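Every value quoted in this text rests on a predicted model; they were computed, and no experiment measured them. Below, chains carry the letters A, B, ... as their sequence lines are ordered, and counting in each starts from 1. Hydrogens, waters and symmetry mates are skipped; everything else that's a heavy atom, side chains included, is used.
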Amino acid sequence: MTGPAHIFDKPNRYIGKPEPRADAARLLQGRGTYVDDQKLPRMVHAAFVRSPHAHATILSINAEEARAATGVVAVYSGEDLAKHVTPYVGTLTHLAGLRSMPQHPLAVGVARWQGEPVVMIVATSRALAEDACELVYVDYAELPAAVDSETALDTGAPIIHSELGSNLAWERDVVVGDIDAAFAAPDVHVVERQFRFGRHTGVTLETRGTVCDYDPSEDQLTVYYSGQAPHMMQVIFSKHLDLPEENIRVISNDVGGSFGIKIHTYGDEIATAAAAKLLKRPVKFIADRFESFLTDIHARDHIVRAKMGVTEAGKIVGIDFDDLTGIGPFSMYPRTSAIECNQVLNLTGAPYVMENYRAKGRVVFQNKTLMCQYRAVGHPIAMAIADGLLEDAARKIGMDPVALREINLMADDSYPRTSATGMKLDDLSHKRALRKLTDLMNYDGLRARQTLARKKGIYRGIGFVSMVEVTNPSPMFYGIGGAPIASQDGATVRLDAGGALHVSSSITEQGQGTNAILAQIAAGVFGVDLNRVKVTTGDTATTPYGGGTWASRGAGIGGEAMLQAAQALKDQVLEVAGVMLQTGVETLDIQSGAVTDIDGSVRLTLADLARTVYYRGNELPNDLNPELIATRHYRVTDFPFVFTNGAMAAHVEVDIETGFVKVLHFWAVEDCGRVINPLLVDEQIRGGVVQGIGGALYEECHYSPDGQFLNATMADYMVPMASEMPEITIAHIETPTKTSILGAKGAGEAGTGGAPAAILNAVNDALSPLGASIWQMPMTPERILASLNQADCN
Amino acid sequence: MSRYIDISLRVNGEDVRATVPSRLNLVDFLREELSLTGSHVGCEHGVCGACTLTVNGDTVRGCLMLAAQADGKEITTIEGLAENGQSAQLQAAFTKHNALQCGFCTPGMLASALGYLNTGGSADRDAIRQHISGNYCRCTGYQSIVNAICDVIEETSI
């Protein structure tokens, strides 16, 4: 911990206050600038011919007619671009044994998933480029496809990369204690279930896209990027397009949703940059919705067989599970597709005290769209395994699920400590969160009403989850393994001649309110009115270097850098003020845009101070060198991650005739440390809950046995809409992290990580009187009816 | 049939004449030809609601209507919303309740909300949820949007 501790010793005008976002007005007037809004002189448009097959050899490509079509500027095959773009491999050294193969922007020789780009057409409009795509004739020889992850490792299964000899990308075992002995003990009850977590995807409302502009006179590539990690992309473009890093400028203006989708290396976007370089003019590519479904990373796709042992008295003795996850034909570059499995192995059961733990993870290649990190990476699986089994065990031993959690949750005064898997934990509040939750929802009253409803043939269920969330990652997440991904972030604060603050930060805005909280921190710590702070983010040319906004790290890491920069500038300004006023610095403060005495009486406005410094330096002593700008960087040092915790509950009603689930209400108590803006964090948690409900009840990428994506339209892929969603009550516990002065942990992924387990438990609670249960997500009406039929047969 | 069609229409109170490809969608026409980029394209098959706008007072999907069909019509996009009255109240209420995050759905959501208000919709939360269920929002939990619309109805009815 660095810096002065006095920032929060006095009331703060902005940090913790529900200030509306300053940039909301712009978006509400249709004045946003999303990447498709970007129009540049001489700009041309890209469209792609994509593989219609899940696995096929490309025998020949005939693009002669396309080349001659109206408006066509260029046609590129995989081989053409491979001469200009070096291939990339999605492995990292800290994921020992992870294997993948070099990937090209467009398929070379073999196409390995339906939708993989094969030929790029560049034309004067998107419509003409699409017309020309129809005139490209690709001769494919279909290959057998490895589609089902459960058979991908079988002898005789089609091998996707013959060089690797099998479809196994990565495996890891974690063994703690002696799980077999623990389960065999005399008073231990063991529950065992097979969980299936369907593939789903992010469905950002703004599809992926890019505008790339190359200026040969300065060898400069400017990329308008709809995404979360501009500096990471700068390195990737430099490395694979053979351009100096400093000659690449990546600009993220408004981003229409991201959720982890827009943080990876997509062949069509890299191809667009390569085409811009080759054509020496701007090229735009905007994915249509079909392309998004086929090529945006998918998520989850886990099959887990899991057991939990619980004593008669309700003590968890351990968890044992085997996780199989299918990741498509390559590990995604540069973050890899093994992180989610690794998170599942690390996080399962992390809220609970247990001595024994055994987990096996296997990550396999398959001929489907690539799978990678989407919001709440691994968390929905880990939480559903532990809390699903916990509530199953509670039913088995006849104990209330809240009471069983009370017995097993780590005590709030037991930190710092480690989880069973060795994760370092501190500043958590599981028990307080659960108690606050049960008070908030009137748990006893809800149970009483549930009993009454059941007598009337209405099947309602209440389900819980106690969860941890990985936030504020240190270099141990990616940097240690060789990824060009910064774990630190920077912030710059500058006082202008009018007394306003200009701040910039390397974290990025995708709607969370990043810019708003940066302004609140700067205004609150430095001492100006909020409307006098101008924020710049999302531009590698003008912001400090840093990681961006992902893994619930923006507020915790970027916010702390901003706090330290604002404090540093305050100290620098007060030093100047002290000289100008011939007063001791310790007697001065900055409030509402003025240097004041400690009691708040104004001595000098910041505008007067700044104008003296900038215009009339002759009035200052020669040995005073005023610096009205300060930059600070911050990274998490003592912990691999700063964990947060939360407790959530769902109340559902299952129609046992139709299998439909209605979510009646949802509650979330979240401890994300210091809350910077409750207005923003509450709705962000709600949005996360809704995405979690989507995964639990509706969203699934359906594939045919030969690897055809069957529901790649928004009419067929079900996303949560307003009428299905419940009211969601949010409450907070604030246990600031001791790793920073600000004390903020992340909150962005909590809802998505926790809601699926709570919904699963609520549905199973509703079904329990009928002897039925369901362990597959999404819990569609068809699957619920099947579980009820199964119960009838039993 | 000609592949180009001459049209004349009013967009946000201004007369517009253009010759458009017969296959051009209204929303693409507005975005590409008139640079009215406030209307967004999310799915191009009428499901997501991001391109929702007003044609002769009706709430319409800009991706399901051809530019040629807009001949003689009066179009209002987000850029043409009045600076006072219900649209301004809605914008203020969306800000107050943080009823937007990334903002991509917001122009369409506002158009649908205005449609609800203009047809005399009540502050019934379920009815509001039903009405905006043609507008997909991936960021919020919808609750703040419902709160904002309710606020405007309750303010107006006082």
Just give me the residue among A:Ser125, A:Gly751, A:Pro726 that pairs up with chain B most often, heavy atom to heavy atom, under 4.5 Å. A:Pro726
For A:Gln29, which atoms come within 4.5 Å of any heavy atom of chain B: side chain, backbone, both, or neither? both
Quick check: does any side chain N or O of B:His45 sit under 3.5 Å from a backbone N or O of A:Thr713, one acting as donor and the other as acceptor? no
Part of A:Val689 lying under 4.5 Å from any heavy atom of chain B: neither
Answer with side chain, backbone, both or neither: which region of B:Gln130 has an atom nearer than 4.5 Å to a non-hydrogen atom of chain A? both
Heavy-atom contact with chain A under 4.5 Å, split by part of B:Thr95: both
May I ask you to decide if A:Ala722's main-chain N or O and B:Arg129's side chain share a donor-acceptor pair within less than 3.5 Å? yes
Under a 4.5 Å heavy-atom cutoff, which of A:Gln510, A:Arg21, A:Glu509 has the most pairs with chain B? A:Arg21
Under a 4.5 Å heavy-atom cut-off, does chain B meet the side chain of A:Asp254, its backbone, both or neither? neither
Just by modelled atom types, is the A:Ile728 backbone N or O under 3.5 Å from a matching donor or acceptor in the B:Gln143 side chain? yes
Kindly say whether B:Gly42 contributes a backbone atom to a donor-acceptor pair with the side chain of A:Glu206 at under 3.5 angstrom? no
Flag the pair A:Asp37 and B:Arg31 as a salt bridge only when some basic side-chain nitrogen lies within less than 4.0 angstrom of an acidic carboxylate oxygen. yes
Heavy-atom pairs under 4.5 Å with chain B are the metric here; pick the option from A:Arg289, A:Arg686, A:Met725, A:Met721 that has the most. A:Met721
Would you mind checking if B:Arg23 and A:Glu130 are paired as a salt bridge, meaning a charged N to carboxylate O distance below 4.0 Å? no
Before accepting this row, confirm whether a basic side-chain N of the pair A:Arg31/B:Glu79 lies closer than 4.0 Å to the acidic partner's carboxylate O. no
Heavy-atom proximity to chain B below 4.5 Å, by part of A:Phe290: neither
Honestly, the part of A:Ala127 sitting under 4.5 Å from a heavy atom of chain B is both
Does the distance from a Lys or Arg side-chain N to an Asp or Glu carboxylate O, for A:Arg126 and B:Glu32, drop under 4.0 Å? no
Main chain of A:Gly256, side chain of B:Arg138: is a donor-acceptor contact present, judged purely on distance under 3.5 Å? no
Portion of A:Pro18 that has a non-hydrogen atom of chain B nearer than 4.5 angstrom: neither
